[in-house]
Amino acid sequence: MTVRSSVQALVLRDRHVLVVVKRDEQGELYVLPGGGQEFGENLEQAVARECWEELGARVRVEGLLTVREFISDHHPTSTEPHGVHVVNHVFACTLLDEPCPGHAGDPDQEGVRWLPLEELPRLRFFPRRLAELLAQGLEVPSYLGDVN
């Protein structure tokens with residue numbers, strides 16, 4: 001088993017967050033645009049590439065907002081398989097183009113959507129801890145911890 005490095009983009013506008021819409025056996029769920037870092041790619045390059053692939057939009061990477069870990073064995077209600085360990089770097093980003101479904105999104109990606117921040121805790125938005133902080137307008141710590 002290995003630890004995987006990944007990135008996500010937090011794009012905010014008018015108290016809404018831009019998300020990727022996905023679907024699993026439990027129905028619709030929402031995540032920030034992002035994915036795995038590729039070999040030879042720095043984190044900012046990775047988040048810009050992932051936004052292009054999933055949003056069909058260019059972004060300006062403003063800076064690292066927080067780091068979140070996810071260790072599936074610590075979250076028995078997660079749908080992720082045993083042995084998954086991801087270190088996720090969440091960057092604040094600004095859109096340079098209007099989003100449209102990217103040309104190389106994940107197979108389970110159904111689209112993109114702007115969600116009101118106050119609705120995030122009631123939706124299947126991951127990571128859950130980030131949803132709570134954004135909805136309440138609280139400062140996001142530099143390390144979220146091992147959260148689902």
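As the structure is a prediction and not an experimental result, all values here were calculated from the model. In what follows, every heavy atom counts, from backbone to side chain, and hydrogens, waters and symmetry copies are set aside.
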Quick check: is Leu134 connected to Val11 through a chain of hydrophobic side chains (ILVMFWY, heavy atoms under 4.5 Å apart)? no
Before giving the answer on side-chain contact (heavy atoms from CB on, under 4.5 Å), spell out for Leu120 and Val17 the whole-Å C-alpha distance, their side-chain angles and the decisive distance to 0.1 Å. CA-CA 9 Å; Leu120 294 181; Val17 61; 3.9 Å; yes
Where is the tightest heavy-atom contact between Pro33 and Leu18, given as atom of each residue plus distance? CD-O, 3.6 Å
For the CZ atom of Arg23 and the CD atom of Glu28, what is their distance to the nearest 0.5 Å? 5.0 Å
Nearest heavy-atom pair of Val112 and Pro99: which atoms, and what distance? CG2-CB, 4.4 Å
To the nearest 0.5 Å, atom CG of Leu29 lies from atom CZ of Phe125 at 10.5 Å
Side-chain heavy atoms under 4.5 angstrom apart, residues restricted to Ile, Leu, Val, Met, Phe, Trp, Tyr: same cluster for Val31 and Leu115? no
Where Leu43 and Ser5 come nearest, the two heavy atoms and their spacing: CD2-OG, 3.9 Å
Do the ring centers of His75 and Phe70 come within less than 6.0 Å of each other? yes
Would you check if Gln109 and Val21 make a side-chain contact, meaning some heavy-atom pair closer than 4.5 Å? no
Nearest 0.5 Å, please: how far is CG in Asp146 from CD1 in Ile71? 4.0 Å
Are side-chain heavy atoms of Tyr30 and Val20 found at a separation under 4.5 Å? no
Do you reckon Leu10 sits in the same ILVMFWY cluster as Leu64, going by side-chain contacts under 4.5 Å, direct or chained? no
Sequence neighbours excluded, every pair satisfying side chain to side chain donor-acceptor pair (under 3.5 Å) that has a member inside residues 114-128: Asp24-Arg124
Can you find a heavy atom in the side chain of Leu133 that is under 4.5 Å from one in the side chain of Pro141? yes
Could you list the donor-acceptor pairs under 3.5 angstrom formed by side chains in residues 86-94, with sequence neighbours left out?
{"from": "Asn88", "atom 1": "ND2", "to": "Gln8", "atom 2": "OE1", "distance (Å)": "2.8"}
{"from": "His89", "atom 1": "ND1", "to": "Ser6", "atom 2": "O", "distance (Å)": "3.0"}
{"from": "Thr94", "atom 1": "OG1", "to": "Glu62", "atom 2": "OE2", "distance (Å)": "2.7"}

Straight-line distance of Arg60 CZ to Leu96 CG, nearest 0.5 Å: 5.5 Å
Any heavy-atom pair between the side chains of Glu69 and Tyr143 that's under 4.5 Å? yes
Identify whether Leu123 and Leu138 are in the same connected component of the hydrophobic contact network (ILVMFWY, side-chain heavy atoms under 4.5 Å). yes
Only pairs at least two apart or in different chains count here, so list each salt bridge (Lys or Arg N to Asp or Glu O under 4.0 Å) that has a residue in residues 29-47. Glu38-Arg49, Glu41-Arg49
With rounding to the nearest 0.5 Å, note down the distance linking CG in Leu55 to CG in Asp97. 10.0 Å
Counting N and O atoms only, with roles assigned by atom type, does the side chain of His16 sit under 3.5 Å from a partner on the main chain of Asp14, one being a donor and the other an acceptor? yes
Worked verdict on Leu117 versus Leu12 for side-chain contact (heavy atoms from CB on, under 4.5 Å): CA-CA 9 Å; Leu117 295 179; Leu12 299 174; 3.9 Å; yes
Side-chain heavy atoms of Gln45 within contact of Glu50, under 4.5 Å: no
Flag the pair Leu130 / Leu32 as yes when at least one side-chain heavy-atom distance between them is below 4.5 Å, and no otherwise. yes
How close do Pro127 and Arg68 get, counting heavy atoms only, and between which atoms? CB-NE, 3.6 Å
Look at Glu98 together with Arg13 and state whether they make a salt bridge at an N to O cut-off of under 4.0 Å. yes
ILVMFWY cluster, Val19 and Leu95 together (side-chain gap under 4.5 Å): no
Residue pair Cys51, Val59: steps toward the side-chain contact (heavy atoms from CB on, under 4.5 Å) verdict: CA-CA 7 Å; Cys51 286; Val59 295; 3.9 Å; yes
